[in-house]
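Here's the structure we're looking at; comments come further down.
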Amino acid sequence: MIVRRIRLVAVLAITLLFLLAWVFPIVWSVLNSLKTDSDVLAYPPKLFFTPTLEPYRDVLFGSASILPNLVSSFVIAIGTTVITMLMAVPAAYALARLRFRGKKFAGFYVLATQMLPPVGIIIPYFLILRNIGWIDTYQGIILIYLSFSLPFAIWLLVSYFEDIPFEMEEAAYLDGASRMKTLWRIIIPQVRGGIAVTVVFVFLNAWNEFLFAVVLSGNTVRPVTVAMFNFISVEQTLWAKLAAVSVLAMLPVVILGIVAQKNIVKGLTVGAVKGGGRR
Amino acid sequence: MQDHAAAISHSGDLGRVLARRERRFAAALLAPAFVALLATTTFPLLFLIGTSTFRMDLAMPFADGFVGLENYRTLLADDRFWSSLLISLVYTASTVVLQVALGLALALLVMDMKRGQGWFRVIAILPVVLSPAVVGMIWRTFMLAPEFGIVDYLAINAGLGSKNWLGDPTLAMVSVIIIHTWQWTPFAFMVLLASLASLPEDIYEAARLDRASAWQRFRRITLPLLRPAIVMVVIMRTMVALTAFAAIFTVTGGGPGTATEILNLYAYRKSFTELSIGYGSALAVALLVVTILISGVLFALRRAK
């Protein structure tokens with residue numbers, strides 16, 4: 001009995017330690033973003049303090065506002081999501097439901113494109129975009145983002161398309177509906193949930209991307225993940241402001257992640273069942 | 001439309017006509033996505049292989065020109081390349097092993113919990129949805145900064161003294177491994193918890209009736225049944241760790257010196273910091289070859305029983 005009690009306490013302690021380890025860095029950033037400069041630098045670190053919204057006011061409306069960077073992040077993420085979905089939904093439907101030669105190869109190709117390391121994509125595209133003057137533009141960044149968002153979206157959507165019963169389509173064809181009409185009126189409404197989940201993940205990945213953004217951004221287009229660096233330099237780090245920016249950069253994806261909670265495992269392991277793939 | 005009606009009247013041709021229309025419809029639906037994929041992945045790959053055979057230096061464009069396999073010869077004799085490859089392998093192997101071991105252990109513990117599983121499912125989501133760049137920034141400052149960071153504060157109070165977590169070569173490597181493990185263990189945990197939950201209950205009942213110990217049940221039943229999920233996690237996480245960028249770039253930038261410079265980061269630094277695009281391309285091709293070799297081994301392991 002005592003052994004069992006000890007075991008239970010040990011298990012509880014270990015699991016709570018894990019929970020704490022995962023939550024703490026995030027909570028600590030939030031706390032620091034609500035501190036005055038003197039509270040942030042206090043030693044020992046302060047868990048209890050009088051909260052202030054000053055860091056947020058500074059980073060949003062101060063002289064070095066990150067509002068334009070938040071706008072950049074949203075434009076890039078939304079633009080990538082819209083274009084990706086317009087291309088991925090028809091492609092995924094074809095891969096999941098239609099019969100044609102080379103289908104297996106097409107599916108494999110979509111997975112294989114993800115083997116190419118991102119640094120191998122950005123080197124050539126940096127040269128090309130520089131030549132056509134597309135560095136520091138939305139179209140440049142969104143174009144490159146298709147390289148990872150499209151394969152991901154196609155494979156996630158295929159898994160949803162495969163779940164719909166064939167009878168629905170057949171009934172529509174027998175009623176004389178065209179293929180396009182059937183896809184639009186009968187199939188798409190069936191996978192609305194899957195499309196919503198895909199939108200969430202494509203947005204999330206585009207919002208979080210860093211390598212392409214750091215190479216392609218400039219004074220006009222600079223997402224918040226890159227702009228964060230303005231608050232940290234060799235001379236000094238603006239602690240509270242940096243914390244506020246981090247929290248603002250985390251907020252949209254944390255909300256989306258919790259909204260998509262039930263589908264997160266599917267979203268994270270997409271393509272893996274079929275062969276390889278990665279996020 | 002006209003000849004379509006005519007074709008249908010020949011009832012024997014109907015199947016073939018429908019099949020052809022299905023093919024055309026499929027081609028039309030696939031075309032935009034495949035053109036985009038060709039343009040953003042296959043085309044850059046060919047371009048990359050092309051530039052890797054050139055001397056191309058943005059700082060000294062006058063010396064640019066075709067050099068054949070010169071960049072690859074340089075690469076094979078480049079100590080920094082071999083050391084970055086070794087760092088890549090250490091980083092990948094240690095982060096993947098840690099993620100799977102910790103994720104599996106935690107999934108097994110949480111699986112037995114009567115209450116509170118929901119908390120774990122929600123909290124595990126937080127790290128994995130964050131941008132690795134933001135995660136890196138948070139760790140670099142609020143967690144690891146000397147004296148100011150919480151980890152250092154704990155180290156001081158534990159009597160270890162203040163450590164230069166990101167300035168010391170060994171500690172910097174340990175730090176970037178811990179950060180990656182922190183962010184992605186929840187991934188392994190969630191996937192393994194999901195597949196644990198889908199295992200059939202009656203096998204365990206039978207094992208319990210046979211008085212199998214907890215360890216025997218784990219070794220003989222749980223582990224073999226979980227194997228596909230574990231292998232999948234290993235494959236996916238290996239691919240990501242090999243091309244990890246943001247969380248190392250923001251935390252150490254590859255430093256101090258080249259202590260945390262994985263091959264991916266070396267290719268980036270060579271191309272965009274030192275502006276040697278040609279040699280950087282050769283490094284990127286080398287990374288692709290390494291990725292293909294490692295995934296080939298992993299897929300062979302997956303097939304092997």
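Everything quoted here is computed from the prediction, not taken from an experiment. In the text below, chain A, chain B and the rest are named by the order of the sequence lines, each starting its count at 1.
- For residues 20-40 of chain B, the ring pair (Phe, Tyr, Trp, His ring centres under 6.0 Å) pairs, not counting sequence neighbours, are A/Tyr109-B/Phe34.
- Taking each heavy atom of B/Ala36 and A/Met87 in turn, the nearest pair found is CB-SD, 3.7 Å.
- Separating the CD1 atom in B/Ile138 from the OG atom in A/Ser246 is a distance of 5.0 Å, to the nearest 0.5 Å.
- The choice from B/Phe189, B/Trp139, B/Phe249 that makes the most heavy-atom pairs within less than 4.5 Å of chain A is B/Phe249.
- Both the backbone and the side chain of A/Ile123 come within contact range of chain B, each with at least one heavy atom under 4.5 Å from a heavy atom of that chain.
- In this structure, the portion of A/Leu183 lying under 4.5 Å from any heavy atom of chain B is its side chain and not its backbone.
- Neither the backbone nor the side chain of B/Arg20 comes within contact range of chain A; no heavy atoms are under 4.5 Å apart.
- The most heavy-atom pairs under 4.5 Å with chain B, out of A/Arg97, A/Glu209, A/Met250, come from A/Met250.
- With a 4.5 Å cut-off on side-chain heavy atoms, B/Met56 and A/Leu127 count as touching.
- At a 4.5 Å heavy-atom cutoff, the contact between B/Ser281 and chain A is made by backbone and side-chain atoms alike.
- When the candidates A/Ile144, A/Leu86, A/Val215 are compared by the number of heavy-atom contacts under 4.5 Å with chain B, A/Val215 comes out ahead.
- Taking CD1 from A/Ile122 and CG from B/Leu48, the interatomic distance works out to 11.5 Å, rounded to the nearest 0.5 Å.
- For B/Met143, the part sitting under 4.5 Å from any heavy atom of chain A is the side chain, from C-beta outward, and nothing else.
- The parts of B/Thr185 that come within reach of chain A are both its backbone and its side chain, each placing non-hydrogen atoms under 4.5 angstrom from that chain.
- Both the backbone and the side chain of B/Pro186 have a heavy atom closer than 4.5 Å to some heavy atom of chain A.
- Of the atoms belonging to B/Ile125, it is side-chain heavy atoms, and not backbone ones, that fall under 4.5 Å from chain A.
- With chain B as the partner, the residue from A/Phe229, A/Trp207, A/Tyr93 showing the most heavy-atom pairs under 4.5 Å is A/Phe229.
- Contacts of B/Leu108 with chain A are absent, with no heavy-atom separation under 4.5 Å from either backbone or side chain.
- Using a 4.5 Å cut-off between heavy atoms, B/Thr141 touches chain A through backbone and side chain atoms alike.
- Between B/Pro44 and A/Pro124, the closest heavy-atom pair is O-CG, 3.3 Å.
- Interface remark: A/Phe126 contributes side-chain atoms only to the contact with chain B (heavy atom separation under 4.5 Å).
- Inter-residue side-chain proximity for A/Pro117 and B/Leu242 is flagged as unmet; no heavy-atom pair is nearer than 4.5 Å.
- Proximity to chain A is absent for every atom of B/Leu298, based on heavy atoms less than 4.5 angstrom apart.
- The shortest side-chain heavy-atom distance between A/Phe100 and B/Leu29 does not fall under the 4.5 Å cut-off.
- Between A/Thr225 and B/Thr250, the closest side-chain pair of non-hydrogen atoms is not below 4.5 Å.
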| message | Before you tell me yes or no, could you show the steps for A/Leu242 and B/Arg140 under side-chain contact (heavy atoms from CB on, under 4.5 Å), namely the whole-Å CA-CA distance, both residues' side-chain angles and the distance that decides it to 0.1 Å? | response | CA-CA 11 Å; A/Leu242 180 67; B/Arg140 169 178 168 177; over 6 Å; no
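- Contact of A/Val40 with chain B is made through backbone and side chain together, with heavy-atom distances under 4.5 Å.
- A/Met115 and B/Leu288 get closest at one heavy-atom pair: O-CD1, 3.7 Å.
- Proximity to chain A involves both the backbone and the side chain of B/Ala39, based on heavy atoms less than 4.5 angstrom apart.
- Heavy-atom distances place the side chain of A/Leu150, and not its backbone, under 4.5 Å from chain B.
- Between B/Leu37 and A/Pro151, some side-chain heavy-atom pair lies under the 4.5 Å cut-off.
- Shortest non-hydrogen contact noted between A/Arg99 and B/Arg23 is O-CG, 4.2 Å.
- Going from atom CE of B/Met236 over to atom CD of A/Gln114 covers 8.5 Å, rounded to the nearest 0.5 Å.
- Counting heavy atoms from C-beta outward, A/Val119 and B/Thr243 have side chains that stay 4.5 Å or more apart.
- Of the listed residues (A/Val89, A/Ile264, A/Val224), the greatest number of heavy-atom pairs within a distance under 4.5 Å of chain B belongs to A/Ile264.
- The residue among B/Val134, B/Leu126, B/Leu193 with the most heavy atom pairs within less than 4.5 Å of chain A is B/Val134.
- Residues A/Gln261 and B/Val122 approach most closely at NE2-CG2, 3.5 Å, considering heavy atoms.
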Just list the side-chain donor-acceptor pairs under 3.5 Å for residues 7-28 of chain A, sequence neighbours left out, or say none.
| from | atom 1 | to | atom 2 | distance (Å) |
| --- | --- | --- | --- | --- |
| A/Thr15 | OG1 | A/Val11 | O | 2.9 |
| A/Thr15 | OG1 | A/Leu12 | O | 2.9 |
| A/Trp22 | NE1 | B/Trp182 | O | 3.3 |

| request: For the pair A/Tyr125 and B/Phe43, evaluate side-chain contact (heavy atoms from CB on, under 4.5 Å) and give the outcome as yes or no after the intermediate values. | output: CA-CA 10 Å; A/Tyr125 259 107; B/Phe43 167 68; 4.1 Å; yes
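- Only the side chain of B/Ser271 comes within contact range of chain A, judged by heavy atoms closer than 4.5 Å.
- Rounding to the nearest 0.5 Å places CE of B/Met137 at 11.5 Å from OG of A/Ser29.
- Proximity of A/Leu143 to B/Thr40: side-chain heavy atoms (C-beta onward) are separated by under 4.5 Å at one or more points.
- Of the atoms belonging to A/Ile83, not a single heavy atom falls under 4.5 Å from chain B.
- By a heavy-atom distance cut of under 4.5 Å, B/Asn264, B/Ala267, B/Tyr268 are the residues of residues 261-269 of chain B near chain A, going up by number.
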For residues 252-260 of chain A, run the donor-acceptor check on the side chains, cut-off 3.5 Å, and write out each pair with its distance to 0.1 Å, sequence neighbours left out.
none

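- In terms of heavy-atom pairs under 4.5 Å with chain A, the best-connected choice from B/Ala26, B/Pro32, B/Ala284 is B/Ala26.
- Residue B/Thr238: no heavy atom, backbone or side chain, is found under 4.5 Å from chain A.
- Within a 6.0 Å sphere centred on CG of A/Asp37, other residues, nucleotides and ligands contribute 12 heavy atoms or fewer.
- Among the candidates A/Val226, A/Val110, A/Leu95, the residue making the largest number of heavy-atom pairs closer than 4.5 Å to chain B is A/Val110.
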| request: Report the C-alpha distance between A/Trp239 and B/Phe142 in whole Å, list the side-chain angles of each, state the deciding distance to 0.1 Å, and finish with yes or no for side-chain contact (heavy atoms from CB on, under 4.5 Å). | output: CA-CA 8 Å; A/Trp239 301 101; B/Phe142 304 117; 3.9 Å; yes
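- Within the 4.5 angstrom heavy-atom criterion, only side-chain atoms of B/Leu106, from C-beta onward, approach chain A.
- Proximity to chain B (any heavy atom under 4.5 Å) is shown, for A/Ala106, by both the backbone and the side chain.
- Looking at B/Phe120, the atoms closer than 4.5 Å to chain A (heavy atoms on both sides) sit in the backbone and in the side chain alike.
- Heavy-atom pairs under 4.5 Å with chain B were tallied for A/Ala249, A/Ala88, A/Ala243; the largest tally goes to A/Ala243.
- In this structure, A/Asn208 contributes its side chain and B/Pro132 its backbone to no donor-acceptor pair below 3.5 Å.
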